[in-house]
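Okay, structure first, notes after.
Chain letters run A, B, ... following the sequence lines, proteins first, then strands; residues in each count from 1. The figures that follow rest on heavy atoms only: side chains count, while hydrogens, waters and symmetry mates do not.
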There are 2 protein chains.
Amino acid sequence: MPRKTDKRVRLVDAAKALIHRQGFNLTTLADIAQEADVPLGNVYYYFKTKEAIGEAVIANRGRELHDALQTWEKAANAKERLLAYVQFEVDSAEETAKSGCPVGGLCQELAKQGGSLADAAAKLLSDTMLWAEKQFQGMGMGEASRGLAMQFVAAVQGNALLTNTFKDPKILANLKVSLSKWLDKVASTKNATVPIEKVEEYA
Amino acid sequence: MPRKTDKRVRLVDAAKALIHRQGFNLTTLADIAQEADVPLGNVYYYFKTKEAIGEAVIANRGRELHDALQTWEKAANAKERLLAYVQFEVDSAEETAKSGCPVGGLCQELAKQGGSLADAAAKLLSDTMLWAEKQFQGMGMGEASRGLAMQFVAAVQGNALLTNTFKDPKILANLKVSLSKWLDKVASTKNATVPIEKVEEYA
DNA sequence: GTCTATATACAGATAGAC
DNA sequence: GTCTATCTGTATATAGAC
């Protein structure tokens with residue numbers, strides 16, 4: 001027996017998957033309605049506009065992210081916590097090779113149209129950054145933590161783009177090995193080497 | 001006196017700028033025609049389809065890239081050559097904050113629709129990678145060069161995404177300082193530290 | 001709450017006069 | 001080679017019966 005929100009959930013799930021695969025602009029309401037097995041006209045009972053569906057999808061990604069951050073938070077130490085995040089990306093590498101990073105893709109595409117959707121997408125990356133910064137602080141990196149988090153997230157996002165562009169999931173797997181060694185070095189020397197280093201301040 | 005190809009050039013230039021700002025799918029032929037000051041119907045005398053304009057724009061970016069690679073090639077040593085590339089990104093940081101990296105943006109967006117446009121865009125990143133790999137080989141990094149080039153380009157692309165997402169050009173400026181120190185270390189120790197390390201083979 | 005039919009707008013593309 | 005007018009398809013969104 002379908003709950004009241006059943007169709008709404010199906011629509012958001014369908015939109016989330018389709019937007020990941022095709023991007024926001026290329027995904028039509030007809031696509032979403034079909035994938036969710038809801039008649040097109042009925043979509044508007046649940047979402048007033050296409051943008052409203054976008055908001056719901058990003059909100060869903062946000063909840064997903066915060067659940068994940070909480071899970072990773074349980075790991076034994078800062079290095080393991082950061083690696084849990086990278087491991088998640090490795091586990092998604094096949095999908096990333098096909099369709100790119102869901103979060104990075106949203107930020108990239110929506111930044112071009114500005115507005116509240118772009119801001120909502122940016123917050124996903126921003127929250128990830130803040131979480132990573134907290135981990136580096138936990139490693140005793142102090143003021144350098146912000147720059148380290150920036151480079152850490154940039155490395156993941158950059159590798160995700162190359163993974164998608166070259167259709168090669170191994171790129172992300174290699175990144176994890178690389179970052180693992182690097183985190184050992186950072187943790188032991190308390191001195192970031194690079195391309196992750198304390199430089200100026202990030203506004 | 002307008003040359004035979006005058007309008008064609010104007011159309012490609014207009015399309016290049018608009019696609020950078022708005023993305024390929026959001027840019028209409030009417031947009032391009034207006035920006036190039038060419039009547040809409042006349043566009044089709046120069047380009048049979050919108051995809052054909054996309055091809056011309058990517059080909060243009062390709063020539064631009066190869067000219068740039070040749071220029072950077074003139075620098076004194078491998079480190080300076082790689083930094084010339086990073087410096088170029090720093091010089092474009094304001095534009096990148098507004099509209100993202102033109103090449104990364106194309107790869108991201110076009111990967112989702114596949115086809116020859118996606119391949120053409122991917123070749124821009126691939127050529128950049130091969131050039132960077134050559135520089136690392138020139139530094140005596142041997143077999144590790146490919147992985148180093150991958151991480152190097154990933155760092156630039158990742159930082160470009162964050163620059164665009166957070167609208168902060170300083171992110172790219174900081175990256176240059178960071179990468180400069182890192183290249184010193186790599187060059188002197190002949191041993192990559194990280195997040196750029198020799199790991200497995202990249203297919 | 002649900003769904004069919006349709007309004008409205010605008011995209012890519014073409015016809016054909018000049 | 002150039003440009004106006006227009007065809008055709010399809011997207012978002014609405015109206016209104018059920």
Could you tell me how far apart A/Tyr44 (OH) and C/dT4 (P) are, to the nearest whole angstrom? 15 Å
Spacing between A/Leu26 atom CG and C/dA11 atom C1', to the nearest angstrom: 13 Å
For the student: nearest non-hydrogen atoms of A/Ala15 and A/Ile53, plus distance: CB-CG2, 3.5 Å
Rounded to whole angstroms, how far apart are CZ on B/Phe47 and C1' on D/dG1? 15 Å
Atom-pair distance (CD on B/Glu51; P on C/dA11), nearest Å: 19 Å
Residue mapping more 5' on DNA chain C - nearest nucleotide basis, B/Asn25 or A/Asn42: A/Asn42
Spacing of NE2 belonging to B/His20 relative to CD belonging to B/Glu95, to within rounding of 0.5 Å: 5.0 Å
Output yes when at least one side-chain N/O atom of A/Tyr45 is less than 4.0 Å from OP1 or OP2 of C/dG1, else no. yes
Both A/Lys50 and B/Leu40 contact DNA chain D. Which one's nearest nucleotide lies toward the 5' end? B/Leu40
How many whole angstroms separate atom CG of B/Leu29 from atom P of C/dT14? 11 Å
May I ask you to check whether over 12 heavy atoms, not counting those of A/Lys123, lie within 6.0 Å of atom NZ? no
Rounded to whole angstroms, how far apart are NZ on B/Lys7 and C1' on D/dC3? 8 Å
Rounded off to whole Å, could you give me the NZ-to-C1' distance for the B/Lys48 and C/dA15 pair? 18 Å
Take atom CZ of B/Arg8 and atom C1' of D/dG1, then tell me their distance rounded to the nearest Å. 14 Å
Strictly distance-based, threshold 3.5 Å: is any side-chain N or O of A/Glu109 a donor or acceptor partner for the main-chain N or O of A/Asn25? yes
